[in-house]
Amino acid sequence: MGFEIDYLRRKLLNTMRHKIVAGNWKMNKTLEEAMEIAIALQERKEDVPHGVKVIIAPPALYLANIEMMEEPFFYLSAQNCSHHDFGAFTGEISAAMLDGMNIPFCILGHSERRQYFHETDELIASKIDACLRHNVQPIFCCGEVLEERKDKKHFITVLHQIEKALFHLTADQMEKVIVAYEPVWAIGTGVTASNDEAQEMHAFIRKSIGDHFGKEVSDQIHILYGGSVNPANSEALFACPDVDGGLVGGASLKANDFMTIIKSAAH
Ligand code: 13P
């Protein structure tokens with residue numbers, strides 16, 4: 001009975017704004033190492049606080065291996081997918097395939113894909129469409145490079161990214177999108193946006209979404225912060241009113257650090 005109530009309470013997380021902590025493992029770890037992290041987290045599933053949804057994005061090759069990570073404590077995500085559903089596209093995986101494997105989330109538009117794989121806003125928009133066609137929730141990444149911030153163009157850069165990738169959606173579709181603000185200068189550098197910088201941009205993103213889709217949508221959309229989140233800075237970042245959690249890279253590769261970050265989202 002206790003378990004059922006707990007389960008239902010956690011299931012409710014799917015329908016209201018709450019904290020989300022997502023771990024992006026990028027192209028790291030052997031299968032054996034990945035399993036060690038997954039098992040360590042799974043063993044501590046009861047430490048995941050109520051009201052916090054945890055998403056794990058391992059390399060796609062390992063998704064089936066870590067399927068034992070149990071909802072509603074942990075949800076799985078891909079790190080990318082094709083904008084095509086099926087076909088002769090060697091090396092690609094599709095949203096239709098993720099759906100077939102019951103993978104509920106997919107990160108899209110990460111700055112590493114924009115930079116190293118030349119992904120354009122238009123391509124990202126069509127990947128968003130592919131995910132929504134197949135019941136996969138996109139975790140859409142946006143964020144400016146250092147030059148743009150220095151030139152005070154960070155708001156316009158992020159606005160353009162959001163407009164081009166998301167503004168063609170209906171309000172119902174937009175409600176399924178999780179936005180991750182990841183300033184490129186903060187990714188993997190150890191330099192984190194200050195709490196004020198994060199809050200300011202998150203409030204701007206929420207307002208921009210509200211201006212286009214209406215307040216009902218912007219009030220419930222999740223906006224995560226990513227870029228050198230660690231166990232020492234996560235609590236203060238997540239306490240900012242418009243920061244609904246984090247998209248964590250390096251620190252998600254250490255089970256203890258990641259669990260500390262997850263727990264800090266409850267405060
Ligand atoms: P780091 O946490 O390693 O800076 O990476 C952030 C990120 O890119 C998550 O997608």
Side-chain angles (χ1 to χ4, degrees), residues 19-29 33-34 37 41 52-60 62-63 74-81 98 103-119 124 127-128 131 136-146 148-149 154 157-158 161-162 165 177-195 197-198 201-202 205 222-238 240 243-265:
K19 294 288 187 207
I20 297 175
V21 179
N24 176 8
W25 292 2
K26 307 191 180 181
M27 197 179 75
N28 288 300
K29 302 297 176 190
E33 292 164 342
I37 305 172
L41 291 171
V52 179
K53 187 168 195 166
V54 181
I55 301 173
I56 310 282
Y62 303 158
L63 280 166
F74 302 103
Y75 295 79
L76 295 184
S77 173
Q79 298 175 12
N80 175 43
C81 72
L98 295 175
I103 306 296
F105 296 98
C106 182
I107 297 171
L108 290 175
H110 193 283
S111 64
E112 287 148 18
R113 297 222 50 97
R114 293 176 192 259
Q115 185 181 350
Y116 304 132
F117 303 95
H118 313 295
E119 291 200 4
I124 296 161
K127 291 183 176 201
I128 298 263
C131 279
V136 176
Q137 271 186 265
I139 303 174
F140 164 76
C141 303
C142 56
E144 80 284 357
V145 298
L146 190 57
E148 289 164 330
R149 181 162 280 266
H154 43 299
T157 297
V158 169
Q161 290 171 340
I162 292 173
V177 177
I178 296 170
V179 176
Y181 168 58
E182 298 206 313
V184 180
W185 46 270
I187 296 177
T189 58
V191 180
T192 316
S194 69
N195 300 332
E197 285 168 337
M201 182 59 88
H202 282 230
I205 293 171
H222 292 88
I223 308 175
L224 314 184
Y225 169 80
S228 297
V229 174
N230 64 43
N233 61 27
S234 58
E235 185 174 342
L237 278 164
F238 299 168
C240 298
V243 178
D244 302 312
L247 179 53
V248 186
S252 71
L253 295 168
K254 296 183 193 129
N256 278 341
D257 283 0
F258 193 51
M259 197 44 96
T260 305
I261 293 170
I262 292 167
K263 287 163 85 172
S264 77

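Atoms considered below: every heavy atom in the structure, side chains included; atoms not considered: hydrogens, waters and symmetry mates. Atoms within a ligand are numbered from 1 in the order they appear, just like the ligands themselves.
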Is there a heavy atom of A251 sitting under 4.0 angstrom from any atom of ligand 1?
-> no
Ring-face cation contact, Y62 with K29, 6.0 Å cut, 45° max = no
Any N or O of T189 closer than 3.5 Å to N or O of ligand 1 | no
Is E119 paired with K127 through a side-chain N to carboxylate O contact shorter than 4.0 Å?
-> yes
Not counting sequence neighbours, which residues clear salt bridge (charged side-chain N to carboxylate O under 4.0 Å, His left out) with E112? List them please.
-> K26
K53 (side chain) donor-acceptor with K19 (main chain) under 3.5 angstrom = no
Among all protein heavy atoms, pick the one closest to atom 2 (O) of ligand 1 and tell me residue, atom and distance.
-> G249 N, 2.8 Å
Quick one: nearest non-hydrogen protein atom to atom 3 (O) of ligand 1, plus distance?
-> G250 N, 2.8 Å
Side chain, backbone, both or neither: which part of A186 comes within less than 4.0 Å of ligand 1 when only heavy atoms are counted?
-> backbone
Given side chain to side chain contact (heavy atoms under 4.5 Å, CB included), test V243 with I223 step by step and report yes or no.
-> CA-CA 6 Å; V243 178; I223 308 175; over 6 Å; no
Identity and distance of the protein heavy atom lying nearest atom 9 (C) of ligand 1 = E182 OE2, 2.9 Å
Are any side-chain N or O atoms of S228 and backbone N or O atoms of A186, one a donor and one an acceptor, separated by less than 3.5 Å?
-> yes
For residues 136-146, the salt bridge (Lys or Arg N to Asp or Glu O under 4.0 Å) pairs (sequence neighbours left out) are E144-R149
State the atoms of ligand 1, each with its element, that fall below the 4.0 Å cut-off from a heavy-atom position in G227.
-> 4 (O), 6 (C)
Backbone, side chain, both or neither: what part of N24 comes under 4.0 angstrom of ligand 1, heavy atoms only?
-> side chain
Atoms of ligand 1 close to L247 [distance to a heavy atom under 4.0 angstrom, numbered from 1] = 9 (C), 10 (O)
